[in-house]
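Take a look at the structure set out below.
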Amino acid sequence: MARSNDAVAAMLLEFAELLAISGGPPYKVRAYEKAAQAVEGHPAELATLRSAELDEIPNVGSQLARKIREFLDTGSVGELDELRARVPTGLRSLLTIPGLGPRRARQVYEELGITSPDDLLAALHEHRLRELRGWGARSEDNLAAAVREAQSAGERVRLGLALGVAERLLQRLRPLPQVQRVEYAGSLRRMRDSIGDIDILVASDDPEPIMRAVTELPVVERVISHGSTRTSVLTATGLQVDVRVVAPPSWGAALLYFTGSKAHNIQLRELALRAGLKLSEYGLFEVETDRRVAGEREEEVYARLGLPWIEPTLREGAGEVEAALHGTLPEVVTRADLRGDLHTHTDLTDGVAPLRDMVAAAAAAGHEYFAITDHAPLLHMQRMTTEKALAQRRRIRELDREAGPALLHGTELNIQPDGSLDWDTEFLSGFDIVVASVHSHFDQPRDVLTARLLRAIEHPHVNVIGHPTTRIVGGRSAIDVDLDEVFRAAARTGTALEVNSLPERLDLNGELVRRARHFGVRFAVSSDAHSVAQLGNLSFGVATAQRGWATRDDVINTYPLDELRRFLAKHDHAAAVR
DNA sequence: GCCGTTTTCGGCCCGACTGTTTTCAGTCG
């Protein structure tokens, strides 16, 4: 998985943190942070770029290009090593404690010799911090609470879980008489694959009762802060919820602001400044007159800045603002573009719903076509047999004569450790669609794993590689494969890569979709549903594809059925390429 | 350290909340 871009970004971030702790100029710190973000989101592999090309990356200037070059060539940077020598290693870890920033981390180091979280705990226990300038008993107590909470790890949670919590909170707040509008914002609205905290925005002319009601919600474990327009609470599950109230005329600007990302917001504000405008959560204002020129709707704010409305899923400060300015922002795929689902399971293998129920749900969801892709015999625990598969095919053909979506009989093969697959080529030719996935042996060496995936991709009847990296959000990391090779082969052979919509998978993720697009890869946004309810997860997959800037044309299950069938007749594609 | 339809120098996003201060610094999002 290791891409040089990620290593360089990590190097730059370490630089930024060490600079901040050692009292470096704030704007220099931010320059490093911005460069780290630019490098991480840059489509090209940094290690393959010449020095002049490094300099051309936005927010990377001559100085940082030189340091990046040094890092790529030698694996280290002299100046960074010097900085490391000056700053004790533990100090950086202090920055992860909420409420302790670079200035105070430096203060406790210089005045109390604290260099690690353990030192900090000891000092807190002995009440030594309250003696420092700017500190008191309260700030010491708060820091102690923050350290305890950080230790009991209120970790990031998956998209699906956070969405459920947020929707229950909205149900509680919406009926309050003072509430005019309420929506979730933040990374949840951007549909990131994991969520650190939940941001909720309320439009109201009477915020006080709402703020009080938030502190009294049954899920609240502790109130972190409670002001007249902003309240932060910690839920019993350790999830932080921030609720902010603005007046209705500021709704759009506030929604924009609280949706983020931070990098996206900063870019918009810089754009505003250059136009003599000032953007805040209250609206877009003329600097000279302080007159509000936009704010009630997001679209107005973007339009006044000369931009089209940008999907929340694209707002990562990863080039979307520049692309929007130049009119080159792609029109990304939407849920409404999807005509069908190409990866689902029934109770014949590890699904929980019978075939008929899944098909009925697909019909209710408005699908034009629907593939059933139960597991194949080599995933032994699923007890699939050739006879069962053929019997299922007959039932599907019968059901297909009824009203509802066109039914495709497919299967999800198991890619063996050597890259071989279930069944022989002739039998596989009988399926309408074939998905192939890795389900075990994740720890093979990179070259073995790469060859394994390539063999499956090259197979004449494999149409889709399921959950290509096998990562589990917050759990298992992605398998170590040469993705550039995989992307090249997938594009060449007309094999789609899946964007698996299960919230614990979201695989490929948005970043990889964006990289794969550069190779001309096509995607299948699929639910991998094992139950009727999971068919609804497709919206998570769509959001993930959007994060990767995928358009309708990039996604094969937006195609009309006849066009999809042409894509699935893989050998024709290969012939066309030649 | 980066960047330029106001700039190759002088800027660099904006505001809420907390706690310690009597007017502001630090942190966060």
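Side-chain atoms are counted along with the backbone in the values below, which use heavy atoms only and exclude waters and symmetry mates. Residue numbers start from 1 in every chain, and the chains themselves are labelled A, B, ... in the order their sequence lines are given, proteins ahead of strands.
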query = What nucleic acid atoms does A:Asn265 come within less than 4.0 Å of, heavy atoms only: base, sugar-phosphate, or nothing?
reply = nothing
request  = Check every strand shown and say whether A:Leu279 touches a base, only sugar-phosphate, or nothing at a heavy-atom separation below 4.0 Å.
outcome  = sugar-phosphate
Rounded distance in Å between the C1' positions of B:dT8 and B:dG1 = 14 Å
key: C1'-based separation of B:dT6 from B:dC12 [nearest Å]   = 16 Å
For DNA chain B, the residues among residues 46-82 of chain A that have a non-hydrogen atom under 4.0 Å from it = A:Pro58, A:Asn59, A:Val60, A:Gly61, A:Ser62, A:Gln63, A:Leu64, A:Lys67
key: Cationic N near anionic O, under 4.0 Å, A:Arg84 to A:Asp81   = yes
ask   = Is the shortest side-chain N to carboxylate O distance from A:Arg190 to A:Glu320 below 4.0 Å?
value = no
request  = For A:Arg335, look at atom CZ and say whether over 12 heavy atoms of other residues, nucleotides or ligands are found less than 6.0 Å away.
outcome  = yes
message = Taking any heavy-atom pair under 4.0 Å as a contact, classify A:Lys34: base, sugar-phosphate, or nothing.
response = nothing
key: Atom pair distance, as rounded to whole Å: NZ in A:Lys262 and C1' in B:dG15   = 12 Å
remark   = Paired to B:dT8 by Watson-Crick or G-U wobble criteria (both distances under 3.5 Å) is none
inquiry  = Quick check for you: among B:dC2, B:dA16, B:dC14, whose closest atom lies nearest to any side-chain atom of A:Ala31?
reply    = B:dC2
Same-atom distance (P) from B:dC28 to B:dT23, integer angstrom = 25 Å
ask   = If we take the C1' atom in both B:dG10 and B:dG15, what is their distance in whole Å?
value = 24 Å
task = Could you measure between the two P atoms, the one in B:dC13 and the one in B:dC17, and give it in whole Å?
result = 22 Å
key: Distance between C1' atoms of B:dG26 and B:dT20 (Å, rounded)   = 11 Å
inquiry  = So A:Gln267, base contact, sugar-phosphate only, or nothing? Heavy-atom distance under 4.0 Å.
reply    = nothing
request  = Could you check whether A:Ala38 gets within reach of a base, just the sugar-phosphate, or nothing at all, counting any heavy atom under 4.0 Å?
outcome  = nothing
query = Would a 4.5 Å heavy-atom cut-off, applied to side chains only, mark A:Thr551 and A:Arg517 as touching?
reply = yes
ask   = Taking NZ, NE, NH1 and NH2 as the nitrogens, is one of them in A:Glu33 or A:Lys262 under 4.0 Å from a carboxylate oxygen of the other?
value = no
ask   = What nucleic acid atoms does A:Phe258 come within less than 4.0 Å of, heavy atoms only: base, sugar-phosphate, or nothing?
value = nothing
task = Determine the contact category for A:Arg30: base if any of its heavy atoms lies under 4.0 Å from a base atom, sugar-phosphate if only primed atoms, P, OP1 or OP2 are that close, otherwise nothing.
result = sugar-phosphate
query = What nucleic acid atoms does A:Leu143 come within less than 4.0 Å of, heavy atoms only: base, sugar-phosphate, or nothing?
reply = nothing
note = Out of B:dC17, B:dG1, B:dC14, minimum distance to the side chain of A:Arg269 belongs to B:dC14
message = Regarding A:Lys67 and A:Glu79, does a basic nitrogen lie under 4.0 Å from an acidic carboxylate oxygen?
response = yes
key: Nucleotide B:dC3, atom C1' - distance to CD of A:Glu270 in whole Å   = 10 Å
note = Between CG of A:Leu100 and P of B:dT27 the distance, given in whole Å, is 7 Å
query = Within the distance-only criterion (no hydrogens, no angle test), does the side chain of A:Asp55 pair as donor or acceptor with the backbone N or O of A:Ala52 below 3.5 angstrom?
reply = no
inquiry  = Could you tell me how far B:dC14 sits from B:dC9 if I compare only their C1' atoms? Round to whole Å.
reply    = 24 Å
